[in-house]
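Take a look at the structure below.
Fair warning: this is a prediction, and the values are worked out from it, not measured in the lab.
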Amino acid sequence: MSAATDLGPEVRADQKTARRRRWALVVALVFMAGLGMVLLFLLTLATRNRAFYEQNFGWLAAVNVGVAVLLALIIVWLAVRLFMRYRMGRFGSRLLLKLAAIIGLVGVLPGVLIYAVSYQFVARSIESWFDVRVESALAAGLNLGRTTLDTLSADVSGKTRVAAEELARLPNSSAVLAMERLRNQLGASDLILWSGAGQALATAGASRFDFTPSRPPLAVLRTVRANRVVAQVEGLEESAEAGDAAGAAPASVQARIKVLALVSAPGFGLDDEPRYLQVTVPLPAALVTDALAVQVANREYQERALGREGLRRMYIGTLTLALFLSVFGAVLLAVVLGNQMVRPLLVLAEGMREVAQGDLSPKSALTSKDELAGLTRTFANMTQELSDARSAVQRSMQQVDAARDNLQTILDNLTAGVAVLDEQGHLRSVNPGAARILRKPLGLYLGHTLNEVPGLETFGVGVLQEFERFLSDESPREGGHWQQSFELGLPGSTPNNDGITLIARGALLPNNERLLVFDDVSEMVSAQRAQAWGDVARRLAHEIKNPLTPIQLSAERLAMKLEGKVPPAEQTILNKSVRTIVDQVDAMKRLVNEFRDYARLPAAQLLPTDLNALIKDILVLYDHAAVPVRTELADDLPPVLADPQQVRQILHNLVQNAQDAMGGQSDATVLLRTRRADSGPWVRLSVIDQGPGFAEHILKRAFEPYVTTKSKGTGLGLAVVRKIMEEHGGRVDISNRVSENRVTGAQVSLSFAVAN
């Protein structure tokens with residue numbers, strides 16, 4: 001598209017101003033050129049007319065001097081502007097100065113040279129014009145012309161006399177027939193036979209179509225009667241006057257010799273009146289032209305010979321004025337044309353300066369048809385294309401930034417950990433999920449390898465080995481990535497707690513970087529373990545419970561049968577052994593029942609339940625407990641969907657755990673708190689103690705079977721709680737309560753759905 005279509009208002013205003021300035025300059029140049037041509041024409045006309053020159057040369061010279069002064073002022077103004085631009089260091093001033101100097105020299109030097117040659121030629125040639133031999137030649141030419149005319153007149157007069165004598169012997173009726181023959185013999189253009197009274201008797205030639213030919217004056221007729229023949233040359237004066245006005249004899253003016261001869265009376269009757277024969281013979285045009293040219297040249301020569309010094313001054317003055325006009329005009333045109341040539345360069349330079357500063361707004365473009373103006377339009381189009389490209393790049397960058405922000409938001413909210421490694425395994429970037437899973441501030445270790453992070457040495461080495469194995473393996477892997485599980489030990493790990501279980505995947509990025517994605521599957525493993533323990537519990541309950549009752553009955557029967565039949569010492573041993581067997585069988589029954597309850601909990605019967613009333617009913621059993629239980633129950637608590645029997649089991653389990661955790665502490669209490677959730681239709685029941693809290697490694701796997709801090713516990717309590725809450729469609733959360741960077745107890749929160 002055109003660059004001028006998208007220009008701003010300031011640029012369009014500048015273009016309008018520049019266009020008006022150009023039009024004003026063109027009009028001024030046309031006016032000055034026209035005035036100069038008029039003055040030169042008047043000066044040329046004056047040189048051809050001495051009288052006109054003498055009358056008007058003064059004001060012509062004054063007008064030329066005025067024009068020269070005006071041009072000089074314009075040139076001075078332009079020179080001052082150019083000098084100021086040069087002093088200010090404006091771009092293009094040096095080039096404009098050079099162009100003006102070149103064009104000015106090209107125009108001035110030839111003009112000065114021509115002036116010098118013309119001056120010498122005029123000064124020397126004018127003297128050569130007025131030579132004695134030239135004057136003698138002109139006089140001889142005039143005499144030769146006169147002699148030629150006299151000779152022609154005498155010849156025509158003699159022939160006319162002979163023709164008159166021939167007509168004198170013929171009557172008027174026969175003279176008409178002889179007139180045409182005589183005209184051809186004489187080479188005349190016209191023959192007229194006049195009567196003595198001035199009446200045309202017969203005509204031949206051009207006058208025969210003239211009904212009223214001009215008759216000769218009476219004085220001429222009397223002269224003819226006295227001299228018998230009269231000849232005169234007519235038309236030379238008219239031709240001379242026409243030559244003075246137009247420089248040559250016009251074709252419409254015909255010089256001729258007119259002869260009038262007396263024709264004697266024929267003597268054939270009473271009519272003896274004399275007749276006159278008029279013969280008109282045209283002069284040759286070349287002869288007339290040459291004669292007039294010699295006459296005019298002689299007259300001008302004589303006039304200019306008298307004003308020789310004035311003629312020299314006239315020609316030299318004309319040359320000088322023409323030189324002034326040409327020199328000033330050449331200098332003015334040099335500056336104007338130089339400015340026109342430099343202006344596109346100035347526009348380009350200004351546009352380039354703005355582009356270099358990062359300004360890609362629409363640029364000025366000249367509308368003329370020359371190549372430099374085309375270059376400005378091309379530059380404007382290029383700038384517009386650059387602006388469009390930059391806008392497209394900015395839009396693309398905005399889209400990329402938005403995509404990057406979206407990707408970063410996704411990465412920040414991913415539960416999985418994402419890390420980017422370079423070729424040497426150094427961390428380039430990580431998401432918050434990676435630091436959360438590994439429980440390390442990985443952002444502080446950017447630029448380091450994973451095995452340089454404290455606690456992740458084994459994991460880092462394993463990841464690098466997997467990448468090396470993946471890159472060295474020539475056989476392609478499905479999906480183009482590797483996958484491996486890692487076990488990360490944590491401080492304080494126990495045989496029941498193996499730390500964190502990770503599933504890691506690695507792949508190559510296009511820029512030869514490594515992508516590492518890993519996730520914590522400890523809960524999944526815990527669930528699998530819970531399922532496995534449930535299977536084990538069912539089998540143990542089945543395999544162990546059946547022989548326990550016969551063992552207990554056999555021991556009791558053996559004690560009863562041997563009662564009083566053995567010595568007292570053996571009886572004591574027997575009773576003690578039987579009691580031990582019975583107690584251990586009861587312990588094993590309780591263990592088997594716990595396995596059975598964990599593996600095969602009854603289906604929950606969810607009913608709208610008043611949770612506060614259920615808690616108050618349970619607390620009656622703990623009125624005289626060693627560790628008291630207190631409550632903070634919300635008044636506006638809605639009914640929840642729950643199985644009262646299973647909730648009782650959960651509360652007994654949690655309260656017993658809290659009391660066990662605070663055993664031996666004075667002034668310690670267990671707090672039961674209920675409240676509505678801040679968001680969603682949920683009610684939260686929290687059991688809070690003031691004990692030492694959970695160890696960090698226990699928090700991660702607290703709901704797995706047989707994970708416990710008690711020396712005599714089975715570790716099934718929280719596992720059963722979680723399973724019951726899953727049956728209720730709720731959730732259970734466990735955490736430590738921290739105050740001033742110190743653990744002040746533990747908290748287990750249960751979330752129940754509100755009954756509709």
Lys/Arg-Asp/Glu bridge criterion (N-O < 4.0 Å) met for Arg731, Asp733: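 So Arg731 pairs with Asp733 through a salt bridge.
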Mind checking whether [X] and [Y] have side chains closer than 4.5 Å, heavy atoms only?
{"X": "Phe486", "Y": "Phe518", "result": "no"}
{"X": "Ile437", "Y": "Leu502", "result": "yes"}
{"X": "Asn381", "Y": "Gln384", "result": "no"}
{"X": "Met397", "Y": "Val393", "result": "yes"}
{"X": "Leu438", "Y": "Val453", "result": "no"}
{"X": "Leu456", "Y": "Leu442", "result": "yes"}
{"X": "Leu516", "Y": "Val463", "result": "yes"}

Leu508 and its side chain to side chain contact (heavy atoms under 4.5 Å, CB included) partner, picked from His481, Arg514, Glu513: Arg514
Look up atom [atom1] in [X] and atom [atom2] in [Y], then write down how far apart they are to the nearest 0.5 Å.
{"X": "Thr449", "Y": "His426", "atom1": "OG1", "atom2": "NE2", "result": "6.0 Å"}
{"X": "Ser485", "Y": "Asp519", "atom1": "OG", "atom2": "CG", "result": "13.0 Å"}
{"X": "Glu354", "Y": "Thr383", "atom1": "CD", "atom2": "OG1", "result": "9.0 Å"}
{"X": "Leu421", "Y": "Leu464", "atom1": "CG", "atom2": "CG", "result": "7.5 Å"}
{"X": "Lys440", "Y": "Leu450", "atom1": "NZ", "atom2": "CG", "result": "12.0 Å"}

Under the side-chain hydrogen bond (donor to acceptor under 3.5 Å, both in side chains) test, residues paired with Arg505 that sit two or more places apart: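 Counting only residues at least two positions away or on another chain, Arg505 forms a side-chain hydrogen bond (donor to acceptor under 3.5 Å, both in side chains) with Gln483.
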Results of side-chain hydrogen bond (donor to acceptor under 3.5 Å, both in side chains) for Gln465 - residues two or more places apart only: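 If we apply the side-chain hydrogen bond (donor to acceptor under 3.5 Å, both in side chains) test to Gln465, skipping adjacent residues, there are no hits.
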Indicate the atoms forming the closest heavy-atom contact of Pro454 with Tyr445, along with that distance.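 What the structure gives for the nearest pair is CD-OH, 3.4 Å.
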Step through the shown structure and confirm whether more than 12 heavy atoms of other residues, nucleotides or ligands are within 6.0 Å of CZ on Arg436.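 Atom CZ in Arg436 is crowded, with more than 12 foreign heavy atoms closer than 6.0 Å.
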